[in-house]
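Take a look at the structure below.
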Amino acid sequence: MVDHLAFSQENRERIHTVENSFGPSGKTLFQPGRVLIGEGRLMKQSRRGPQPKAFFLFNDVLVYGSIILSGRWHKKQKIIRLEDIQLEDLEDSVRMRYQWLIRTPRKSFYVAASSYEEKRAWIEHIEDCRTKLLQNNNLKPGSTFAVTWIPDEASAICMRCSNKFSVTQRRHHCRKCGFVVCGACSKKRAMIRHIHPTKWLRVCNVCHPNLSMAETEPQDISRVRGDSTGKITQMKMKWMRGPLKKKGQRSRWRTMIPADGWTPGPLMFTSNQST
Ligand SMILES: [Zn+2]
Ligand SMILES: [Zn+2]
């Protein structure tokens, strides 16, 4: 019992530390029954190559964010419910070793750990928490996932019309198939509600006719620009990448829970975790 109390207190403090590291832009992470299982740094594949991100695994959600100051200051907090996650183990690629795929309704992306063991630890802990969460709360696993984007460098030409990309012929991504396409081949927009409930998203000429009436726009709004946030992200990323690159280290997976000591209970109950 004493141990349990000490654990609760420690857990609360750890969660508050994570919460504070995101500053006012982050959401409140502490809630009854939530346990911080582990944390570490993973490389997340983005449009502009692998980026280091801080990941925090709780017994019900996976939280990640950009690193401003390692272990101290994070931003761009993303929270994914574990019941909505699907993992797929992957072989090493030329670009990323120890990688795997995380599928979620809004976004699907590749992440990589710094060693095989660390990758195993992440996958096992996420799967374990997810299974317990589904069982204990009688939840159905998510089945709708966003498509993964084909990396920009993977194609020098539009994957629909074969025109070459250039400074003026920019790369875009179809939100439905994930292909790299040119502007002319992706003028149409669609509502893909599991990605965004209200936003018109870019889709390619091939995908658009296959979408249902409910997903497609009532009229041509092709002049609406895709995602205006892209540029801002790029600038900030460049600034961030500097000091991190030098260090070149990824913080190891760190688990807070003894391997066989604690079993997550239903999230609403804090007092009967030891059963
Ligand atoms: Zn094209
Ligand atoms: Zn498409």
Side-chain angles (χ1 to χ4, degrees), residues 43-51 53 62 64 76 78-81 83-91 93-96 99-112 141-235 237:
M43 297 304 274
K44 176 175 173 286
Q45 188 64 258
S46 79
R47 270 191 96 164
R48 281 161 282 274
Q51 305 278 341
K53 303 272 179 189
L62 182 66
Y64 70 90
K76 291 192 181 162
K78 301 272 188 318
I79 303 174
I80 317 165
R81 296 187 307 190
E83 69 263 33
D84 291 338
I85 284 183
Q86 190 187 62
L87 303 184
E88 189 184 325
D89 196 359
L90 297 169
E91 295 297 321
S93 74
V94 185
R95 296 154 77 235
M96 292 229 292
Q99 62 170 344
W100 72 98
L101 175 60
I102 298 179
R103 286 199 186 88
T104 86
R106 299 192 66 166
K107 210 174 179 186
S108 296
F109 50 91
Y110 299 90
V111 287
S143 54
T144 320
F145 305 106
V147 72
T148 46
W149 287 15
I150 291 180
D152 281 11
E153 338 64 275
S155 192
I157 56 167
C158 167
M159 294 171 79
R160 291 304 180 201
C161 72
S162 301
N163 277 343
K164 238 184 158 183
F165 290 121
S166 65
V167 185
T168 49
Q169 184 90 320
R170 291 183 48 221
R171 286 172 168 88
H172 300 283
H173 278 89
C174 168
R175 271 44 169 190
K176 194 74 188 173
C177 65
F179 278 24
V180 192
V181 290
C182 73
C185 291
S186 58
K187 278 192 172 148
K188 297 280 171 56
R189 298 289 178 271
M191 202 78 94
I192 306 171
R193 288 178 214 280
H194 61 90
I195 296 179
H196 199 287
T198 54
K199 236 183 184 174
W200 291 107
L201 303 169
R202 183 184 292 271
V203 287
C204 75
N205 292 349
V206 175
C207 290
H208 192 264
N210 297 323
L211 294 162
S212 69
M213 288 287 276
E215 290 172 308
T216 47
E217 64 221 84
Q219 65 225 357
D220 193 4
I221 50 153
S222 56
R223 283 185 301 119
V224 176
R225 298 296 295 272
D227 44 355
S228 52
T229 52
K231 268 189 190 138
I232 302 161
T233 317
Q234 188 175 11
M235 278 162 55
M237 283 297 177

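Position 1 is the first residue of the sequence, and the numbers go up from there. Both ligands and their constituent atoms are indexed starting at 1 by order of listing.
Of the candidates C174, C161, C182, C174 is the only one forming a side-chain contact (heavy atoms from CB on, under 4.5 Å) with C204. Only one option out of Q99, Q51, M96 pairs with Q45 in a side-chain contact (heavy atoms from CB on, under 4.5 Å); it is M96.
The closest side-chain heavy-atom distance from H194 to F145 is not below 4.5 Å. Side-chain contact check for L62 versus I102: some heavy-atom pair is nearer than 4.5 Å.
The SG atom of C185 and the SG atom of C182 meet at the Zn ion (ligand 1) at an angle of about 100°, given to 10°. The SG atom of C161 and the SG atom of C158 subtend an angle of 110° at the Zn ion (ligand 1), given to the nearest 10 degrees.
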Quick one, Y64 with V111, criterion side chain to side chain contact (heavy atoms under 4.5 Å, CB included). Give me CA distance, side-chain angles, the key distance, then yes/no.
CA-CA 11 Å; Y64 70 90; V111 287; over 6 Å; no
Going through the checks in order, is the side chain to side chain contact (heavy atoms under 4.5 Å, CB included) test met by R106 and K78?
CA-CA 11 Å; R106 299 192 66 166; K78 301 272 188 318; over 6 Å; no
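Within the sub-2.8 Å shell of the Zn ion (ligand 2), the protein contributes these N/O/S atoms: C174 SG, C177 SG, C204 SG, C207 SG.
The line from NZ of K164 to SG of C158 is 14.0 Å long, rounded to the nearest 0.5 Å.
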